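The structure presented is a predicted model; accordingly, all values stated were derived computationally and were not measured. Nothing fancy with the numbering, it's 1 onward along the sequence.
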Amino acid sequence: MLKEIEKSKLNSLYEDNHLIVPLKKRRTLNFLEKIENYKNSDSMYKNMDLHITEENIISNNDIILNIEFYCQDDPSRVIDEFEVYGDQKLSELRDAFICPTEPVDLFSNKAVERDFNKIPSSFFIENVFYNNFSDNIKDHYSSNIINWVYKKRRFLQPGLGRFISKKMDDISFKDLSIRMNYPYLYIHHNNCKHIMIFTNVRLVHKNDDRNIKNYPKLIYKGWIKNNKCKLCANKLAKWITYDDMYASDNPCIWCQDCFDNFHKDKDGNLLYDNFKILPLFIYPSYS
């Protein structure tokens with residue numbers, strides 16, 4: 001076989017033309033944390049030294065719901081799945097869900113600001129808009145829709161209805177009237193829309209995590225493609241440059257090592273500064 005390869009005219013078979021490419025990182029597994037089987041889950045949490053009071057334990061009569069969020073660009077792709085309990089407020093699920101359109105600074109210790117007192121968001125479930133009402137929010141996504149549907153009695157048309165709005169901070173999941181495996185809507189962040197589906201509802205059982213501080217519990221996360229450096233195509237990009245004469249693209253993204261090697265001297269000073277540089281806020285996309 002080796003002699004046949006040596007006689008071949010295909011350059012791609014020659015060892016000198018082989019390119020060493022780093023192995024792709026194995027896809028992260030999504031899993032549920034195993035909880036030991038106890039006869040009495042309430043007594044288990046009370047006896048553990050976790051500073052958990054009775055008020056922080058989900059009651060035996062509560063329910064657990066599974067909720068899936070779908071990609072805004074591909075409604076067939078699940079990006080997040082959460083478990084919530086019946087007494088939990090809708091606003092807590094809103095806080096837990098992070099959309100791919102929101103910038104994520106992977107290199108700074110400072111969290112990206114998510115002030116929901118300034119940013120409108122809304123769940124649309126069974127003809128009701130559950131909004132985050134605030135004095136700083138002058139216009140909600142639901143306002144124009146509700147006004148439009150009541151004009152000329154449009155609510156009588158198929159697919160429409162007498163839409164109303166409520167405050168999401170006052171509503172628990174147990175207060176909702178829902179249909180299983182039926183598409184509802186979450187709207188936020190400059191009119192970004194996500195289909196959300198309730199896929200399961202059940203009573204709490206003894207193997208469930210009873211600590212309410214752990215909910216909403218993220219039990220599935222879509223695989224995220226990160227932006228790699230344009231030069232080495234190996235490390236995560238940290239900087240983005242504009243009008244850079246050493247860059248292969250405009251704009252161009254760089255990892256720290258490649259940026260330093262091309263732009264700085266041995267003392268760490270910039271070799272030239274006639275370009276624009278900004279820290280890269282990564283907008284993750286889902287494969």
Side-chain angles (χ1 to χ4, degrees), residues 62-75 78-104 111-201 212-218 283:
D62 212 330
I63 59 174
I64 299 292
L65 302 97
N66 287 60
I67 304 172
E68 292 179 348
F69 286 88
Y70 288 76
C71 182
Q72 72 281 9
D73 297 324
D74 185 356
V78 178
I79 56 176
D80 280 346
E81 182 179 359
F82 291 92
E83 282 186 343
V84 298
Y85 61 93
D87 281 325
Q88 195 155 33
K89 302 298 183 183
L90 270 67
S91 56
E92 296 181 51
L93 178 62
R94 172 208 61 195
D95 296 343
F97 175 67
I98 298 179
C99 173
T101 62
E102 299 180 45
V104 180
V112 177
E113 183 180 0
R114 302 175 76 222
D115 190 353
F116 290 105
N117 291 321
K118 300 178 182 179
I119 304 172
S121 59
S122 180
F123 294 100
F124 182 60
I125 302 172
E126 294 297 333
N127 291 346
V128 181
F129 287 95
Y130 298 97
N131 297 320
N132 61 326
F133 290 109
S134 171
D135 295 335
N136 297 322
I137 300 176
K138 298 181 180 179
D139 189 22
H140 293 275
Y141 298 117
S142 62
S143 303
N144 294 331
I145 299 175
I146 293 176
N147 293 335
W148 176 83
V149 82
Y150 277 95
K151 287 182 180 179
K152 300 181 181 181
R153 300 173 63 85
R154 292 189 177 98
F155 54 80
L156 297 176
Q157 299 179 17
L160 300 178
R162 298 179 183 270
F163 299 158
I164 60 174
S165 63
K166 295 182 180 181
K167 188 176 182 179
M168 69 170 66
D169 299 271
D170 298 335
I171 304 297
S172 303
F173 286 98
K174 68 178 183 180
D175 301 325
L176 299 176
S177 175
I178 61 173
R179 286 175 277 180
M180 302 305 298
N181 297 312
Y182 186 83
Y184 297 112
L185 195 63
Y186 175 56
I187 314 171
H188 73 121
H189 196 65
N190 297 326
N191 206 30
C192 180
K193 301 180 180 69
H194 297 269
I195 292 175
M196 56 178 290
I197 295 179
F198 292 84
T199 59
N200 188 36
V201 59
I212 66 174
K213 295 182 179 180
N214 295 333
Y215 291 85
K217 178 179 288 188
L218 182 65
Y283 293 80

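Side-chain contact, Ser142 with Asn131: a donor N or O sits under 3.5 Å from an acceptor N or O. Checked by atom type, the side-chain pair Tyr184/Glu126 shows a donor-acceptor distance below 3.5 Å.
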Test side chain to side chain contact (heavy atoms under 4.5 Å, CB included) applied to Asp169 and Leu90, step by step = CA-CA 6 Å; Asp169 299 271; Leu90 270 67; over 6 Å; no

Checking side chain to side chain contact (heavy atoms under 4.5 Å, CB included) for the pair Phe198/Tyr182: CA distance, chi angles, key distance, verdict?
-> CA-CA 7 Å; Phe198 292 84; Tyr182 186 83; over 6 Å; no

Does the side chain to side chain contact (heavy atoms under 4.5 Å, CB included) test come out yes or no for Phe173 and Ile178, once each step is laid out?
-> CA-CA 9 Å; Phe173 286 98; Ile178 61 173; over 6 Å; no

Can you check side chain to side chain contact (heavy atoms under 4.5 Å, CB included) on Asp87 and Asp62, steps first, answer last?
-> CA-CA 7 Å; Asp87 281 325; Asp62 212 330; 3.3 Å; yes

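In this structure, the side chains of Leu218 and Glu81 stay at 4.5 Å or more apart for every pair of heavy atoms. Between Ile64 and Asn200, every side-chain heavy-atom pair lies at or beyond the 4.5 Å cut-off. Met180 places none of its side-chain heavy atoms less than 4.5 Å from the side chain of Thr199. Put simply, the side chain of Phe124 does not reach to within 4.5 Å of the side chain of Tyr130, judged on heavy atoms.
Note that CZ of Arg162 and CZ of Arg154 are 14.5 Å apart. Values are rounded to the nearest 0.5 Å. Here the NZ atom belonging to Lys166 is positioned 8.5 Å from the CG atom belonging to Asp175, to the nearest 0.5 angstrom. Atoms CG and CD, from Asn66 and Glu68 in turn, are 8.0 Å apart once rounded to the nearest 0.5 Å. The distance from the OG atom of Ser91 to the CD1 atom of Ile171 is 10.5 Å, given to the nearest 0.5 Å. Here Met196 contributes atom CE and Phe97 contributes atom CZ; the two are 9.5 Å apart, rounded to the nearest 0.5 Å. Within the model, atoms SG of Cys192 and CD1 of Ile187 stand 10.0 Å from one another, a figure rounded to the nearest 0.5 Å.
Shown here are the ring-ring contact (aromatic ring centres under 6.0 Å, His included) partners of Phe123, two or more places apart in sequence or in another chain: Tyr186. Every ring-ring contact (aromatic ring centres under 6.0 Å, His included) that Tyr85 has, sequence neighbours left out, goes to Tyr215. Evaluation of the side chain to side chain donor-acceptor pair (under 3.5 Å) rule for Lys89 yields Ser172 as partners, not counting sequence neighbours.
Shortest non-hydrogen contact noted between Val84 and Ile67 is CG2-CD1, 3.8 Å. Residues His194 and Cys99 share a closest heavy-atom pair of NE2-SG, 3.1 Å. Taking both residues in full, the closest heavy atoms of Pro216 and Phe82 are given as CB-CD2, 3.9 Å, listed atom of the first, atom of the second, then distance. Of all non-hydrogen atoms in Ile197 and Pro183, the two that sit nearest each other are CG1-CA, 3.9 Å. Taking both residues in full, the closest heavy atoms of Ser121 and Asn132 are given as N-OD1, 2.8 Å, listed atom of the first, atom of the second, then distance. The two residues Ile98 and Asp80 come nearest to each other via the heavy atoms O-OD2, 4.1 Å.
Checked against a 6.0 Å centroid threshold, the rings of Phe155 and Tyr150 count as neighbours.
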